[in-house]
Amino acid sequence: MNQTVDAQTKKSTKTKSIAFTLYAAGDIADCRKLSAADTKAAKTAALIAANLQKDRNAYAVTLGDNTYPIGKPEEFNDCYDKTWGQFKARTLPSPGNHDYGVPLAAGYYNYFDELAGAQRRGYYKKLLGNWLILSLNSNIKDQAMQAQLDWLKTTLKENPATCTLAFWHHPVYSSGGHGNIKTMQEAWKILADAKADIILSSHDHHYERFATMDRDGLPHPENGMRSFVVGTGGAKLSPIFLVKDGSELRQNDHHGALKLNLANNRYTWEFISAENNQVLDKGQANCQ
């Protein structure tokens with residue numbers, strides 16, 4: 001009997017120790033000047049695909065602007081699908097403003113279908129071990145945005161996970177050309193109050209890591225949310241302008257993906273260049 005209990009305990013412990021890995025980037029597929037195979041999106045896709053093959057508990061995350069210039073169905077079929085589409089079934093997507101270049105982001109929702117969330121609203125949750133993963137839509141306004149915020153509050157209350165990660169397209173804080181965008185400021189505050197851990201966005205075409213920050217965006221070394229801008233999925237990289245408070249590292253020379261290893265109550269990160277597989281940034285932290 002004791003042997004059975006011990007076996008069950010070991011099995012339970014082993015299950016709880018499973019870590020999940022995310023490979024995230026936004027601003028991805030642009031075939032206006034090159035064939036899909038020759039784009040930078042093909043390079044980032046190759047990087048992610050190779051790692052997904054080695055890890056069954058790994059997923060790709062898109063941070064919006066999945067195609068250029070306007071998110072037409074042809075762009076998804078002829079450009080995105082031929083690059084990042086190879087791991088579509090293991091992708092957690094989110095929409096960007098370029099995906100809304102056609103009415104109702106029809107290309108995006110037709111392509112991702114149920115992966116993009118229920119009722120074409122562009123937000124959903126996924127549970128990975130002790131992590132609550134939230135994909136939000138930063139392209140909606142007014143009543144639709146309020147409905148999303150209400151959903152976010154309810155979801156956080158009903159899913160008190162040990163660790164929380166949220167992602168969307170427009171960054172609340174960025175040192176890029178678009179700079180700080182207040183569209184998701186209220187969502188940021190809701191997540192901060194719930195002691196979320198990681199925020200991912202793109203829109204500006206560079207990589208940037210911020211220190212942990214509080215609900216007002218002020219650096220808070222003891223706790224707070226760590227945010228990343230990862231607009232390095234394939235579209236042309238863009239300049240970095242006025243460096244914002246809390247920005248710890250920035251680069252706009254390499255396309256690539258942010259690798260996040262999500263353990264029980266901690267996480268590690270690496271930004272991996274798609275040009276040479278070099279790790280350009282790395283670190284680790286505990287959940288709040």
Side-chain angles (χ1 to χ4, degrees), residues 21-56 58-117 120 122 124 126 135 137 139 167-169 200-207 230-238 252-260 271-278:
T21 305
L22 305 181
Y23 293 88
D27 307 298
I28 301 169
D30 188 348
C31 294
R32 285 175 288 185
K33 296 182 179 180
L34 298 169
S35 66
D38 294 324
T39 61
K40 296 295 185 180
K43 289 186 176 295
T44 57
L47 167 68
I48 295 171
N51 284 283
L52 292 185
Q53 288 177 1
K54 296 182 290 186
D55 185 357
R56 66 178 183 179
Y59 295 84
V61 172
T62 83
L63 304 176
D65 283 2
N66 297 276
T67 74
Y68 289 84
I70 60 172
K72 294 188 297 184
E74 296 89 339
E75 295 168 19
F76 278 95
N77 294 333
D78 299 336
C79 193
Y80 183 95
D81 194 62
K82 292 181 178 180
T83 54
W84 282 49
Q86 60 188 295
F87 38 80
K88 176 182 175 180
R90 294 171 66 182
T91 296
L92 307 178
S94 67
N97 54 290
H98 281 272
D99 300 308
Y100 274 84
V102 296
L104 304 176
Y108 172 82
Y109 290 110
N110 288 344
Y111 181 78
F112 285 112
D113 198 18
E114 71 276 1
L115 293 175
R120 298 194 168 207
Y124 58 90
K126 187 174 183 65
S135 176
N137 188 347
N139 304 277
F167 63 96
W168 58 78
H169 184 61
L200 307 179
S201 59
S202 60
H203 196 47
D204 279 325
H205 298 188
H206 71 276
Y207 170 75
V230 197
T232 54
K236 184 178 179 180
L237 299 175
S238 57
N252 62 347
D253 295 318
H254 293 255
H255 289 86
L258 176 65
K259 175 184 178 181
L260 292 165
F271 180 81
I272 307 173
S273 168
E275 324 292 345
N276 55 19
N277 287 321
Q278 182 181 358

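No hydrogens, no waters, no symmetry mates; every other heavy atom, side chains included, goes into these values.
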Determine the minimum heavy-atom distance between A29 and A41, stating which atoms define it. CA-CB, 3.9 Å
Spatial distance of atom NZ (K72) from atom SG (C79) [nearest 0.5 Å]: 11.5 Å
At their closest point, which heavy atom of A24 faces which heavy atom of L63, and how far apart are they? CB-CD1, 4.4 Å
Between D99 and H169, is any pair of side-chain heavy atoms under 4.5 Å apart? no
Which atom of P95 lies closest to which atom of G122, heavy atoms considered: CD-O, 4.0 Å
Neighbour count >12 (heavy atoms, 6.0 Å) for atom NZ, K88: yes
Work out which heavy atom in H254 is nearest to a heavy atom in S273; give both atom names and the distance. ND1-OG, 2.8 Å
Can a side-chain donor-acceptor contact be found between N137 and R120 if the only test is distance below 3.5 angstrom? no
How far apart are the closest heavy atoms of I48 and A60, and which atoms are they? CG2-CB, 4.1 Å
Which atom of K40 lies closest to which atom of G234, heavy atoms considered: CB-O, 3.3 Å
Any non-hydrogen side-chain atom of E75 less than 4.5 Å from a side-chain atom of Y80? no
Quick one: are L200 and L260 in side-chain contact, heavy atoms under 4.5 Å? yes
Report the C-alpha separation of W84 and T44 in whole Å, then their side-chain angles, then the decisive distance to 0.1 Å, and conclude whether the side chain to side chain contact (heavy atoms under 4.5 Å, CB included) test is met. CA-CA 8 Å; W84 282 49; T44 57; 3.0 Å; yes
Run the numbers on L115 and L92 for side chain to side chain contact (heavy atoms under 4.5 Å, CB included), then give the verdict. CA-CA 7 Å; L115 293 175; L92 307 178; over 6 Å; no
Within a strict 4.5 Å, meaning less than it, do heavy atoms of the L22 and F167 side chains meet? no
Would you say the side chains of Y68 and D27 form a donor-acceptor pair under 3.5 Å? yes
Approximate separation, where rounding is to 0.5 Å, of Q86 CD and D81 CG: 9.5 Å
With sequence neighbours left out, what residues match A105 under side chain to side chain contact (heavy atoms under 4.5 Å, CB included)? Y100, Y108, Y109
Would you call D30 and T39 a side-chain contact if the rule is heavy atoms closer than 4.5 Å? no
I'd like to check D253 versus E275 (side-chain heavy atoms, cut-off strictly below 4.5 Å). Are they in contact? no
Steps toward side chain to side chain contact (heavy atoms under 4.5 Å, CB included) verdict (D78, C31): CA-CA 8 Å; D78 299 336; C31 294; over 6 Å; no
Using salt bridge (charged side-chain N to carboxylate O under 4.0 Å, His left out) as the criterion, list what pairs up with E74, not counting sequence neighbours. none
Ring centres under 6.0 Å, that's the criterion: do Y23 and Y59 meet it? no
Can you tell if the side chain of H255 reaches within under 4.5 Å of the side chain of L237, non-hydrogen atoms only? yes
N66 CG to T83 OG1 distance, which is reported to the nearest 0.5 Å: 10.0 Å
State which residues pass ring pair (Phe, Tyr, Trp, His ring centres under 6.0 Å) with H205; sequence neighbours excluded, sorted by chain then number. none
Quick check for you: to the nearest 0.5 Å, what is the distance between Y124 atom OH and E114 atom CD? 11.0 Å
Determine whether a donor-acceptor pair (N or O, by modelled atom type, separation under 3.5 Å) exists between the side chain of N276 and the backbone of Q278. yes
N77 side chain vs P73 backbone, donor-acceptor pair below 3.5 Å: yes
Can you confirm whether H98 sits close enough to T67 that some side-chain heavy atom of one is under 4.5 Å from a side-chain heavy atom of the other? no
Taking atom CZ of R32 as the centre, report whether more than 12 heavy atoms of other residues, nucleotides or ligands fall under 6.0 Å from it. yes
Test side chain to side chain contact (heavy atoms under 4.5 Å, CB included) on L47 and I272; report intermediate values, then the result. CA-CA 8 Å; L47 167 68; I272 307 173; 3.7 Å; yes
